[in-house]
There are 4 protein chains.
Amino acid sequence: MFTDDQKLTEKQKGILAAATELFAEKGYAATSTSEIAKKAGVAEGTIFRHYKTKKELLLSVVSPVMVKVLAPIIKRDLNKVLDQEFETYQEFIRAMIENRIEFVQSNLPLIRILIQELPFHSDLKEQFIEHIGKEVLGRFRQIVKHYQAKGQIIDMHPDTIIRMTGASILSYIVPRYVLIPEANWNDEEEIDRIIHILSTGIATG
Amino acid sequence: MFTDDQKLTEKQKGILAAATELFAEKGYAATSTSEIAKKAGVAEGTIFRHYKTKKELLLSVVSPVMVKVLAPIIKRDLNKVLDQEFETYQEFIRAMIENRIEFVQSNLPLIRILIQELPFHSDLKEQFIEHIGKEVLGRFRQIVKHYQAKGQIIDMHPDTIIRMTGASILSYIVPRYVLIPEANWNDEEEIDRIIHILSTGIATG
Amino acid sequence: MFTDDQKLTEKQKGILAAATELFAEKGYAATSTSEIAKKAGVAEGTIFRHYKTKKELLLSVVSPVMVKVLAPIIKRDLNKVLDQEFETYQEFIRAMIENRIEFVQSNLPLIRILIQELPFHSDLKEQFIEHIGKEVLGRFRQIVKHYQAKGQIIDMHPDTIIRMTGASILSYIVPRYVLIPEANWNDEEEIDRIIHILSTGIATG
Amino acid sequence: MFTDDQKLTEKQKGILAAATELFAEKGYAATSTSEIAKKAGVAEGTIFRHYKTKKELLLSVVSPVMVKVLAPIIKRDLNKVLDQEFETYQEFIRAMIENRIEFVQSNLPLIRILIQELPFHSDLKEQFIEHIGKEVLGRFRQIVKHYQAKGQIIDMHPDTIIRMTGASILSYIVPRYVLIPEANWNDEEEIDRIIHILSTGIATG
DNA sequence: CATGAATGAGGCTTCATTCAT
DNA sequence: GATGAATGAAGCCTCATTCAT
């Protein structure tokens, strides 16, 4: 996760890796800095040389997700859409899922931590809303309107469309990577199904 | 929340209410028993007279959700369906949402705690999977198959149908009650939209 | 020192006594709460049940001095002066020294702590200035002016008189109780000498 | 303070200056070596290259006071007195105050540290008593006896005279430079007053 | 010589839990 | 049954000191 970040020393990478694993497993509040130190193979004091407080360590663990996972969604994919690279909304969604899925998978612990801790840290929450709630949502609204204007998706409040799209994706991601990753998953087929239902619904004829 | 439970003394109700509020706000690990005692207006020792450990207090707070919220879903609604009370899957879903939504709303703190703490307590997790994961899922599979047999919903793996249905519901519940409850929500209309999309999809024509 | 304070539990008295001794011996910053606990024969946590922070413990140790030592100086003696109980300034000074000297002696550790820590704690300093710098000094000015008006002491700025008087007293107190208490001291005689020099100076003829 | 000491490197001077300032402001025990390093603009390790321990740094800061401030008092002034340069004890005192006062002023932080830390470091205390307590006191006794023999000051135990003289000086120095340096001080006049009182007392007629 | 990352002991403080009243 | 003082382990963090670079 942090292995390719060249600005970090070996010790720092170890600390971040240990913290990530423990925060994901036990939660931030229930993880002690001494545990992190032991797992990282450093002295406890070393943690505090690099991160002034335990909270700062949490932010250092979690903020890359915001930057690395979410920023690309905004910048790359949105431009592709407006550059007409995707004929349909469905293609756009499929590309987004496929493109990001591996990334999400390898950063899953970070994302889990982010989601789990979000309700308890108002600063994290604000940072998140600032980055995601406003920017990402805004861009997605544009995209939805773009395809509505093209007559490809129904004329409904964009937020509802977005929520349903997001929920559909999560209906695959969460069981696939969080709840029962050990099951046999045929990724391509599952994505097909989701997009199919999202497009034409579950009702017959 | 606990006011109508007649087996509990006044003190116990106060403790449970205080614990619920604090666990929901700060998380289990970050809430101290002394805070709970202060908020409940009892002495610290009193908590431990009723609940052997802090963990047991968490279980006492959280287990009613499993019993009161989830068990009825299974038992009542399933029977209704199988008793043919609902002509269509959509009607079933709508009834389920409407029936439960107020209940969910007033028990939201408990549900938040359950969801937030689930990943960190393997005993809770097992209990949940045992009671909900298996039983509820099993019953829902029956329901889906029931409507598929009636030819009302498409012939797709029931789990995918269930996941999409659940996700659709959450796409409304989560923003409505957790993320931005302060927005103006027109419940009936939103539920209509969700069921509409779930039925016929977002694609035009 | 704290044995006669009836509002304090035995443990609290022990903690205050231990803290006093150690603060006096090693200074506030160099004394650890674990040392205090050990010396007081209590668990470290017990200290923090009675005093929220180490700083509050310092204040609890030191503030009685302000109240018990200095307040009486102001209230009792000043009134005596104005009630004409003392014919001369010298008699007033002598009474003040003799009256207070035993008290000072038994509270010496507290006074040492107060003086030693005063420069490092701006809150203590402010509190001290508020209680002493203003009130005590103001009252002493009145006293000096009182005896100047009676024509008993020379017409010089009261502050200089006060400083010289205080310095004279300290020139006995400090060596007597702080620097070399082990020497043979004839208290009455020494006080006589000081008052003599203060009255008529060291010059001959 | 240390700028003119040619045996010290620039870094050492910086360290000593920073240490002096911080020790005076917060006390020895409450000052961290990292603070000193930061204020001196050097790395933490550099401090320990020059001073084996923090304690040695304190001694290096404080010992010049003993050597530079107190030794001269003894050697120079005593000789002057015994060489009959001063007609009266009063003139001697005046010369001593005026001569030293600027020096004291510019070395005030060092003197503050010395006084504040003396009670807590038995080695410092012993060193002080050995060098000052005995030597200085002994020489002063000679001086007092010298003027007593000349019939200029009253026949009282020299130690009492010395203590009163010292106290008188401090009654000016301490308020002037430590307690309220911001007030308007007329140095010459104040010194006059002190010597006047010391000579003829505060009593009228 | 100077650096600053690393250390681990120890600092202050909080916590869940116990128990005499 | 209820209390809250007492506990001591553990938590987060700071510190003086060392050492490879």
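Side chains included, hydrogens not; waters and symmetry mates left out as well; all remaining heavy atoms used. In what follows, chains carry the letters A, B, and so on, assigned in the order in which the sequence lines appear, proteins first and then strands, with residues in each chain numbered from 1. These numbers were taken from a predicted model, which means no experiment stands behind them.
Residue whose closest nucleotide on DNA chain E sits further toward the 5' end, between A/Q12 and B/K55: A/Q12.
With a 6.0 Å cutoff to the six-membered ring centre and a 45° limit on the axis angle, C/K54 counts as a cation-pi contact of C/Y28.
Using a 4.0 Å cut-off between a side-chain N of Lys or Arg and a carboxylate O of Asp or Glu, A/E35 and A/K26 qualify as a salt bridge.
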Enumerate all atom pairs, one protein N or O and one N or O from nucleotides 7-11 of chain E, separated by less than 3.5 Å.
{"from": "E/dT7", "atom 1": "OP2", "to": "A/A43", "atom 2": "N", "distance (Å)": "3.1"}
{"from": "E/dT7", "atom 1": "OP2", "to": "A/T46", "atom 2": "OG1", "distance (Å)": "2.5"}

Task: side-chain hydrogen bond (donor to acceptor under 3.5 Å, both in side chains) between A/E44 and A/T33, intermediate numbers included - done: CA-CA 7 Å; A/E44 202 172 348; A/T33 52; 2.7 Å; yes
TODO: Taking Watson-Crick and G-U wobble pairs with both distances under 3.5 Å, convert DNA chain F into its dot-bracket string, 5' to 3', dots for unpaired and | for cross-strand pairs.
DONE: .||||||||||||||||||||
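A distance of 9.5 Å separates NE2 in D/H50 from CG in D/L16, rounded to the nearest 0.5 Å. Atoms CD1 and CD, from D/I111 and D/Q116 in turn, are 11.5 Å apart once rounded to the nearest 0.5 Å. Note: D/R112 CZ to D/N107 CG = 14.0 Å, rounded to the nearest 0.5 Å.
Remark: the backbone N or O of A/V42 is not paired with any side-chain donor or acceptor of A/T46 at under 3.5 angstrom. Counting only distance, with no hydrogens or angles, the side chain of C/T31 and the backbone of C/L22 share a donor-acceptor pair below 3.5 Å.
When the options D/I15, D/T20, D/L114 are evaluated for a side chain to side chain contact (heavy atoms under 4.5 Å, CB included) with D/V61, the one that passes is D/T20.
Around the NZ atom of D/K55, the shell of radius 6.0 Å holds more than 12 heavy atoms that belong to other residues, nucleotides or ligands.
Here E/dT13 presents its P atom at 12 Å from CG of C/L58, a figure rounded to the nearest Å. For the pair C/H50 NE2 and E/dT14 C1', the interatomic distance rounds to 16 Å; values are reported in whole Å. Going from atom OH of D/Y51 over to atom C1' of E/dC1 covers 15 Å, rounded to whole Å. The separation between B/E56 atom CD and E/dA16 atom C1' is 14 Å, rounded to whole Å.
Put simply, chain B comes within 4.0 Å of DNA chain F, heavy atom to any atom, from F/dG1 to F/dG4, going 5' to 3'.
Shortest non-hydrogen contact noted between A/L59 and A/P64 is O-CD, 4.2 Å.
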